[in-house]
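As structure tokens, the structure follows; a few thoughts come after it.
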Amino acid sequence: MHTGRSFRFSNLQRRVGVRPSAGMERLENCAQMFQRKFLNEAFRRHCPVLLACIALGGSLLKELSPLPDSYWNNKRNVLNVYFVKFCWGWTLWLLLPFITLTNYKLTGSITKVLRRLSSLLVGTLFWYLCTNLFLYIEHITGSCYKSEALLDSIEHQDRKECRLHGGFWHGFDISGHCFLLSYCILIILEETSVIRSIQFERHWHRMAINAQFTALSILVIIWVWMFLCTAVYFHNIFQKVIGTAFGMLAWYITYRWWYLQPISPGLPPASASHSEKEPVYKN
């Protein structure tokens, strides 16, 4: 880790003669803590395995020894209502300025920045296709019932019509939460890897990037926690494992295969420079 190079106020003071405010120093300390303890190389490297273990372990716990009801198995909990329901929106909103600032600072090229931003369009396409595929699978495998007890079926053509008439639609419901949360976690880890390669010359650069990095770090913690809650409280084991597999497969296809190719959005500059193949960016 290059926290000494990337995150020392003393270097900033020597270069520009600006004494950091208490707020900037606290922000700096938060960014350092998150880089050391959460979004570090070890966590990035082992995160796919960790997510797979959470999905499997949580599913087995739910099947063999269910946890008692709590605030977190209520779908109206604040994190689910205001964050997970808009999971891709939060991820997109925070990654957009972060990728723009960090990639421009490392490459100095607007063209390369726009190329890298196209990875967010790719992610949006994966989100749209996979979620609609899950809804289609639930539709073709489902039936309408009078209640969640699944005792009496009702003749309705689709989920929307079923719910309009007060019914309960039951089909094979692949976990969209497991898919999207795992996908967003892995994308954020990939994109924030550039933080270790940035050297700051201006204090506003440092403050802006540290603020965005801290926000993304907090978002990862929320996503991991809600992924765990989904694993131990909702869906069955097959629905969660398949959802997680889709999220990890989407990440692997892009960041471990396609983005290594010349015709692609490319890897983040720091990741590209450490790739075994020819880097996309040459600084």
Side-chain angles (χ1 to χ4, degrees), residues 1 34-62 83-84 87-88 90-92 94-95 98-99 116 119-120 122-127 129-131 133-134 174-196 213 216-261 264-277 280:
M1 304 295 294
F34 284 126
Q35 189 178 2
R36 288 195 306 266
K37 297 185 178 296
F38 297 105
L39 272 67
N40 54 48
E41 285 307 301
F43 184 66
R44 285 189 178 92
R45 187 165 54 251
H46 298 111
C47 190
V49 176
L50 173 65
L51 293 174
C53 290
I54 290 175
L56 284 171
S59 298
L60 290 174
L61 180 64
K62 179 180 181 294
F83 284 88
V84 180
C87 179
W88 184 244
W90 277 105
T91 302
L92 194 67
L94 290 177
L95 277 179
F98 182 82
I99 292 174
R116 289 265 37 263
S119 64
L120 298 180
V122 174
T124 302
L125 181 62
F126 270 100
W127 161 74
L129 292 176
C130 289
T131 52
L133 174 63
F134 298 164
I174 297 174
S175 176
H177 279 35
C178 282
F179 156 67
L180 196 53
L181 289 170
S182 61
Y183 188 40
C184 288
I185 290 166
L186 293 170
I187 288 178
I188 293 173
L189 292 180
E190 291 287 352
E191 296 297 342
T192 54
S193 64
V194 301
I195 199 74
R196 67 182 185 267
F213 178 75
L216 284 164
S217 301
I218 294 171
L219 198 63
V220 167
I221 294 171
I222 293 174
W223 292 165
V224 171
W225 171 250
M226 294 307 293
F227 185 83
L228 174 63
C229 290
T230 301
V232 299
Y233 284 122
F234 301 101
H235 296 278
N236 65 41
I237 186 170
F238 299 107
Q239 294 166 347
K240 286 176 284 195
V241 169
I242 292 173
T244 304
F246 266 90
M248 294 174 65
L249 183 62
W251 160 76
Y252 189 88
I253 289 173
T254 51
Y255 285 89
R256 289 293 178 267
W257 177 68
W258 182 29
Y259 291 179
L260 293 173
Q261 312 306 316
S264 74
L267 289 171
S271 300
S273 64
H274 290 90
S275 173
E276 293 181 357
K277 297 190 176 186
V280 176

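- Counting heavy atoms from C-beta outward, I174 and F238 have side chains that stay 4.5 Å or more apart.
- Formation of a donor-acceptor pair under 3.5 Å by the E190 side chain with backbone atoms of I187 is not found in this model.
- C178 pairs with exactly one of I54, L51, T230 by the side chain to side chain contact (heavy atoms under 4.5 Å, CB included) rule, that one being T230.
- To the nearest 0.5 Å, the span separating NE2 on H177 from OG on S182 amounts to 12.0 Å.
- With rounding to the nearest 0.5 angstrom, the CZ atom of R45 is 12.5 Å from the CG atom of L189.
- Applying ring pair (Phe, Tyr, Trp, His ring centres under 6.0 Å) to F83 and the options W88, W90, F227 leaves one that passes, W90.
- Using a 4.5 Å heavy-atom cutoff, the side chains of F234 and S175 are not in contact.
- Side-chain N or O atoms of K240 include none that pairs as donor or acceptor with a backbone N or O of V232 at under 3.5 Å.
- In terms of modelled atom types and a separation under 3.5 Å, the side chain of R116 and the main chain of I99 share no donor-acceptor contact.
- Proximity of a side-chain donor or acceptor of R44 to a complementary backbone N or O of T192 within less than 3.5 Å is detected.
- Taking CZ of F98 as the start and CG of L216 as the end, the distance is 6.5 Å to the nearest 0.5 Å.
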Test log, rule side-chain hydrogen bond (donor to acceptor under 3.5 Å, both in side chains), inputs W223 and T91: CA-CA 10 Å; W223 292 165; T91 302; 3.3 Å; yes

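- Summarising the geometry of W127 relative to T131, their closest heavy-atom pair is O-OG1, 2.6 Å, with the distance given to 0.1 Å.
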CA sep, side-chain torsions, deciding dist, call: L260, S264, side chain to side chain contact (heavy atoms under 4.5 Å, CB included): CA-CA 8 Å; L260 293 173; S264 74; over 6 Å; no

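- C130 contributes atom SG, which lies 8.0 Å from atom OH of Y183 (distance to the nearest 0.5 angstrom).
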CA sep, side-chain torsions, deciding dist, call: C47, L186, side chain to side chain contact (heavy atoms under 4.5 Å, CB included): CA-CA 7 Å; C47 190; L186 293 170; 4.1 Å; yes

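- A donor-acceptor pair under 3.5 Å is absent between the side-chain atoms of K62 and the main chain of Y233, judged by distance alone.
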From CA spacing to verdict: ring pair (Phe, Tyr, Trp, His ring centres under 6.0 Å), F134, F246: CA-CA 10 Å; F134 298 164; F246 266 90; 5.1 Å; yes

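- Using a 30° and 60° split on the angle between ring planes, Y255 and Y259 fall in the perpendicular class, above 60°.
- Going from atom CZ of F126 over to atom CG of L133 covers 12.5 Å, rounded to the nearest 0.5 Å.
- Here the side chains of M226 and C87 are not in contact, with every heavy-atom distance at 4.5 Å or above.
- Separation of atoms CD1 (I188) and CG (L94) is listed at 7.5 Å; rounding is to 0.5 Å.
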